[in-house]
There are 2 protein chains.
Amino acid sequence: MHRAVRRFINIFKRKSEKDKRLITAIKTIVGSKPFNLELYRLAIKHSSVAKHNSQGLRESNERLEYLGDAILGAAVADYLFKTFPFKEEGFLTEIRSRIVNRESLNNIGKRIGLNQVVEYDQKKKGKLSHKSLYGDTLEAIVGAVYLDKGYSYCKHFIIDKLIIPYLNIDEVIKSNPNYKSKIIEWSQKENKDVKFEIISVKNEKHHREFTAQVFVDNEPLGKGFGHSKKKAEQDAAQKSCELLDLD
Amino acid sequence: MHRAVRRFINIFKRKSEKDKRLITAIKTIVGSKPFNLELYRLAIKHSSVAKHNSQGLRESNERLEYLGDAILGAAVADYLFKTFPFKEEGFLTEIRSRIVNRESLNNIGKRIGLNQVVEYDQKKKGKLSHKSLYGDTLEAIVGAVYLDKGYSYCKHFIIDKLIIPYLNIDEVIKSNPNYKSKIIEWSQKENKDVKFEIISVKNEKHHREFTAQVFVDNEPLGKGFGHSKKKAEQDAAQKSCELLDLD
């Protein structure tokens, strides 16, 4: 056989091996074989290894991630709505945002083994995996499952394969809320300007104590303290939430 | 007939008349008769007229609004994903947020006639209708349709009856983006602190000129100018977006 032909066949075989591995992985993660493998090939492709296609679009999982993020939000909203029939909207919104946040999705992504399948620029490994490489890929897989198998299947995949096995909802409820994002959300809803400012730093013997102040439309609201800027702001945000009666 | 019995029958008749009107309205808005009318009764009930039920939950449309908001987000995400196969994620996210924003939903809600069906405290009319009474009710109706008829029906309702007839997507694309929310979104994603500050006000002959400055992790970024605080901040945010290469 001509050497070039053999090389071509080898490349083809290698690709098939890769596809086979992907099919097995998707079967394990999602619970059934892909109908349209191309969707999942795209879902595992991080933008760091994406190439431009003929339409000038970079072929990465980012579009699927955008779609999956929305579907995930809807499925979790539905699940919480039905699981907590006597809880008010504020509770449901807060718990949902804790479930679908970056950290939580990144953890789930790691635990279902997305580190085995995601394709990314190995040189950027440390940087990417600290951020949300697995969470983003997880969202992209959700987007692929939605397009491949429809909303209903995808909703069960999200709840039964991603959320229930890896998140303890009771613990999620008990964990601390992010008061800062609550204030920002409130300010956007009420069309107010909100500012977080560090108004003083005390240098103690072994640590520093920050004082943060929340301003709403330039009026001071809650004041908070902490050993880091973040903690002081979180404390100020919590006190502001109390003052504004946001629960 | 005993007077009390007649009064009871009259109350019953009046309720039925109200239900009949609601059924007609839903048929017009949604395109088919409700299966479970109770969902729609709840969807049109603003919290200003809600009563506590035996579980201590205020029976208003807020829970349905929470659910509808998520379903709306998913349906619009899907629609844009498929309508713009060669657009990147940033474009899709931005256009989606312009479509599902309060103002836009409130307008659609008014135009499909929700002012005819929504129940609210008439004393608060001016205040409520300036805010998002109709947009919130619209989201609650979407939640009701989703529970009543499933995702697929609801998606077509959203796209074919709410979005396409009342929004010109080309115009939405051409309209100005909200750079401030773009910066805030970016800062949350990147875990940065962002602050908008008015750093100076010049009193000119006929107007005032504000200068706004965006700070990211306390480092100054874009600076902007305008005749109002809001405009100066928007300008500073736009310049920051350019500096950060967010498009």
Side-chain angles (χ1 to χ4, degrees), chain A residues 47 53-58 60-78 80-82 84-93 96 102 131-132 143 146-147 150-152 154-155 180-181 184 187-191 193-198 217-218 229-230 233, chain B residues 47 53-58 60-78 80-82 84-93 96 102 131-132 143 146-147 150-152 154-155 180-181 184 187-191 193-198 217-218 229-230 233:
Chain A
S47 57
N53 70 7
S54 57
Q55 278 80 17
L57 179 74
R58 236 177 24 180
S60 78
N61 63 6
E62 287 186 348
R63 280 171 46 89
L64 284 173
E65 181 197 330
Y66 144 88
L67 182 62
D69 170 78
I71 303 304
L72 198 62
V76 174
D78 171 316
L80 295 175
F81 184 92
K82 288 168 183 164
F84 300 103
F86 304 120
K87 290 288 192 182
E88 301 205 351
E89 172 263 343
F91 170 90
L92 302 173
T93 303
R96 185 172 72 132
R102 280 157 66 84
K131 285 186 160 186
S132 52
Y146 170 75
L147 293 174
Y151 177 77
S152 181
C154 187
K155 191 177 83 176
K180 198 173 168 184
S181 65
I184 290 170
S187 71
Q188 288 171 335
K189 213 170 174 183
E190 300 293 325
N191 217 358
D193 285 325
V194 70
K195 268 191 319 201
F196 291 82
E197 265 182 45
I198 299 298
D217 284 348
N218 291 321
K229 283 185 194 179
K230 214 168 178 175
E233 286 184 345
Chain B
S47 57
N53 70 9
S54 56
Q55 278 80 16
L57 179 74
R58 234 173 30 174
S60 79
N61 63 5
E62 287 185 348
R63 279 171 48 90
L64 284 172
E65 181 196 330
Y66 144 89
L67 182 62
D69 170 79
I71 303 304
L72 198 63
V76 174
D78 171 316
L80 294 175
F81 183 93
K82 289 168 182 165
F84 300 103
F86 303 121
K87 290 288 191 179
E88 300 204 351
E89 173 263 343
F91 171 89
L92 302 174
T93 303
R96 186 173 73 133
R102 281 156 65 85
K131 285 187 159 183
S132 51
Y146 170 74
L147 293 174
Y151 176 77
S152 181
C154 188
K155 190 178 84 177
K180 195 171 168 182
S181 65
I184 289 171
S187 70
Q188 289 171 335
K189 212 168 170 182
E190 300 293 325
N191 218 359
D193 284 325
V194 69
K195 267 192 319 200
F196 292 82
E197 265 182 44
I198 298 298
D217 284 347
N218 290 322
K229 284 185 192 177
K230 214 167 178 175
E233 287 185 346

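Just so it is clear: chains get the letters A, B, ... in the order the sequence lines come, proteins before strands, and each one is counted from 1.
Of the two parts of B:L72, neither the backbone nor the side chain holds a non-hydrogen atom closer than 4.5 Å to a non-hydrogen atom of chain A. Proximity to chain B (any heavy atom under 4.5 Å) is restricted, for A:R96, to the side chain, taken from C-beta onward. Using a 4.5 Å cut-off between heavy atoms, A:V76 contacts chain B through its backbone alone, with no side-chain atom that close. Contacts of A:L147 with chain B are made by side-chain atoms alone, with heavy-atom separations under 4.5 Å and no backbone atom involved. Interface remark: A:L64 contributes backbone and side-chain atoms alike to the contact with chain B (heavy atom separation under 4.5 Å).
Closest approach of B:G73 and A:A70 over heavy atoms only: O-CB, 3.9 Å. Residues A:I71 and B:A74 come closest through the heavy atom pair CD1-CB, 3.8 Å. When every heavy atom of A:I184 is checked against every heavy atom of B:I184, the shortest pair comes out as CG2-CG2, 4.2 Å.
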Run the numbers on A:D193 and B:K180 for salt bridge (Lys or Arg N to Asp or Glu O under 4.0 Å), then give the verdict. CA-CA 11 Å; A:D193 285 325; B:K180 195 171 168 182; 2.9 Å; yes
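Looking only at side-chain heavy atoms (C-beta outward), B:N218 and A:K229 come within less than 4.5 Å of each other.
With chain B as partner, the option from A:K82, A:E65, A:K195 having the largest number of non-hydrogen pairs under 4.5 angstrom is A:K195. Looking only at heavy-atom pairs under 4.5 Å with chain A, the residue among B:N53, B:T93, B:D69, B:I198 that has the most is B:T93. Top candidate by heavy-atom pairs under 4.5 Å with chain B, chosen from A:F81, A:F86, A:Y146, is A:F81. For the set B:R63, B:R58, B:E89, the count of heavy-atom pairs under 4.5 angstrom toward chain A peaks at B:R63.
In this structure, OG on A:S47 lies 9.5 Å from CD on B:E88, to the nearest 0.5 angstrom.
Put simply, the side chain of A:Y151 never gets that close to the backbone of B:S152: no donor and acceptor are under 3.5 Å apart. Within the 3.5 Å criterion, the main-chain N or O of A:G90 finds no donor-acceptor partner in the side chain of B:Y66.
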